[in-house]
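Scroll down for the structure; my scribbles are underneath it.
Just so it is clear, the structure is predicted and the values come from calculations on it, not from any experiment.
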Amino acid sequence: MGPDGRCAACGAYQQPHQAVQPHPAPSPGLYGYPQPYPQPYPYPAAMPGLPGTPPLGGLPVGGVDLRRGVRITLNVLLGVVALLLMLYLAAIGRQRGVILDILHNGHPGSSAHDAAVDDADSFADAMTVLSFLGMVATAVVWVIWFRRVRLNAEVFAPGTHRFGSGWAVGSWFTPVVNLWFPKQMANDIYRASAPDGPQSAPKGLLNAWWVLWIVANVLSTIGDGMSSVASRKLERSFTDSDWRSAVELLGSSLAVSGFSVLLLLADTVLALLVVRQLTRMQEQRAMAGPLAMPPAAPYVPSPAPPYAAPPVQPYAAPPVPPFAPPAVPPSVPPSVPPHGAPSGGAPYGPPPQQNPFGAGPAAS
């Protein structure tokens, strides 16, 4: 078509084509290769609302459960348990005060001592029952929350956990292994939930919480054992020295138990901080989307070959040898005697002078 819009072959005017917007170049993918189609995230990178903030109501984000009901319930129960532990610590202190008063003032046979002992024991028994009930309710909600954050961590980093999601509940109630299985699962959850990568996961708060939990339970077991031994000695004491040693042992057991309750109270506060820290990490991790891949080299398309130039292959093909037909040995024609010479045999018929229909010589 010429500059005036007329076809050079037929002379007719042609309608010029509209300019077509070029298709946007594919974005470079991993290792610099083009990525023809956008790859979906395993979960949406953001929800409607303000950027960088958790979704309204904590609704699940592509398999990541960020609902706040269980977490709020757990925080409330941990606060109640902390309050009950403080009352239980006061009850243990009251019992120990009564025992020290008995040791300083004489044999515990008077009515005043008996009334003080009964009041201290009743208060301690009530706090023991209430603390136990609070811990049971907290333990139920705790394992529900722990399994939820374990499932969220599986979405963030699938296939990187040492234990299945069922162990998020069973590891707390299985004897012996409950001393380290829950901690290992918590380590995996922290590494998978870290917004800046597994190596950036904070461990100080988690380690302090677990160490206090183990030490408090060990001291509580030791205190219970000392109290049982002291109670048996009090039942068999008949002399002044016997009951004094038993009461002193009972006071020591109360001191160990009180220290274990104090550590458990501090551990409850750390548990509140662990729940808050891990929840915030998972919310940030869910809003950030998949972890950024290492930067790849930008994709630079190869320049087009010049006109009439043969296409250049990116990888040189190995040379192909020319086709050579298999060698065939030359055929040698049979030797033919000269004309008139006797033949060594008749290749196509019976020999001469022989009757083909009989065994005798041919008739002359």
Look at the side-chain heavy atoms of Ile, Leu, Val, Met, Phe, Trp and Tyr, link any pair under 4.5 Å apart, and say whether [X] and [Y] land in one connected group.
X: F156; Y: L151; value: no
X: W180; Y: W209; value: yes
X: V80; Y: F132; value: no
X: V136; Y: V169; value: no
X: V269; Y: M135; value: no

Below 4.5 Å, heavy atoms only, C-beta onward: do [X] and [Y] meet side chain to side chain?
X: H161; Y: R150; answer: yes
X: V218; Y: T221; answer: no
X: Q282; Y: D65; answer: no
X: Q277; Y: Y190; answer: yes
X: L254; Y: M226; answer: no
X: R68; Y: E283; answer: yes
X: Q95; Y: F123; answer: no
X: V129; Y: D125; answer: no

What do the steps show when you test L278 against S193 for side-chain contact (heavy atoms from CB on, under 4.5 Å), and what is the final call? CA-CA 8 Å; L278 185 53; S193 305; 4.1 Å; yes
Would a distance-only check, ignoring hydrogens and angles, find a side-chain to backbone donor-acceptor pair under 3.5 Å from [X] to [Y]?
X: T128; Y: A124; value: yes
X: R71; Y: V275; value: no
X: R191; Y: Q199; value: no
X: T174; Y: G170; value: yes
X: S227; Y: D224; value: no
X: R96; Y: G251; value: yes
X: N217; Y: W213; value: yes

Go through the steps to decide whether V229 and R232 satisfy the test side-chain contact (heavy atoms from CB on, under 4.5 Å), and finish with yes or no. CA-CA 5 Å; V229 173; R232 288 196 298 268; 3.5 Å; yes
Atom of [X], atom of [Y] and distance for their closest heavy-atom approach:
X: V98; Y: A120; value: CG2-CB, 4.1 Å
X: S131; Y: L85; value: OG-N, 4.4 Å
X: A216; Y: S260; value: O-CB, 3.5 Å
X: F163; Y: Q184; value: CZ-OE1, 3.1 Å
X: S200; Y: G197; value: OG-O, 2.7 Å
X: Q284; Y: P195; value: OE1-CG, 3.5 Å

Candidates L133, L74, V143 - the one meeting side-chain contact (heavy atoms from CB on, under 4.5 Å) with T138: L74
Using 0.5 Å steps for rounding, measure from the [atom1] atom of [X] to the [atom2] atom of [Y].
X: M281; Y: D196; atom1: CE; atom2: CG; value: 9.5 Å
X: H104; Y: L100; atom1: NE2; atom2: CG; value: 6.0 Å
X: S228; Y: L249; atom1: OG; atom2: CG; value: 10.0 Å
X: L262; Y: D267; atom1: CG; atom2: CG; value: 11.5 Å
X: N152; Y: L66; atom1: CG; atom2: CG; value: 6.0 Å
X: L265; Y: L270; atom1: CG; atom2: CG; value: 10.0 Å

How far apart are the C-alpha atoms of I102 and V117, what are their side-chain angles, what is the distance that settles it, and do they pass the side-chain contact (heavy atoms from CB on, under 4.5 Å) test? CA-CA 10 Å; I102 292 174; V117 169; 3.7 Å; yes
Quick one: sort the W142 and F146 rings into parallel, tilted or perpendicular, breaks at 30° and 60°. parallel
Which label fits W210 and W172: parallel for a plane angle under 30°, tilted from 30 to 60°, or perpendicular past 60°? perpendicular
Using a 6.0 Å cut-off, check whether atom CZ of F259 has over 12 heavy atoms from anything other than its own residue. no
Residues R285, V64; criterion side-chain contact (heavy atoms from CB on, under 4.5 Å); working and verdict: CA-CA 10 Å; R285 180 71 176 86; V64 182; over 6 Å; no
If we count only N and O atoms by modelled type, under 3.5 Å, do the side chains of K203 and N187 hold a donor and an acceptor together? no
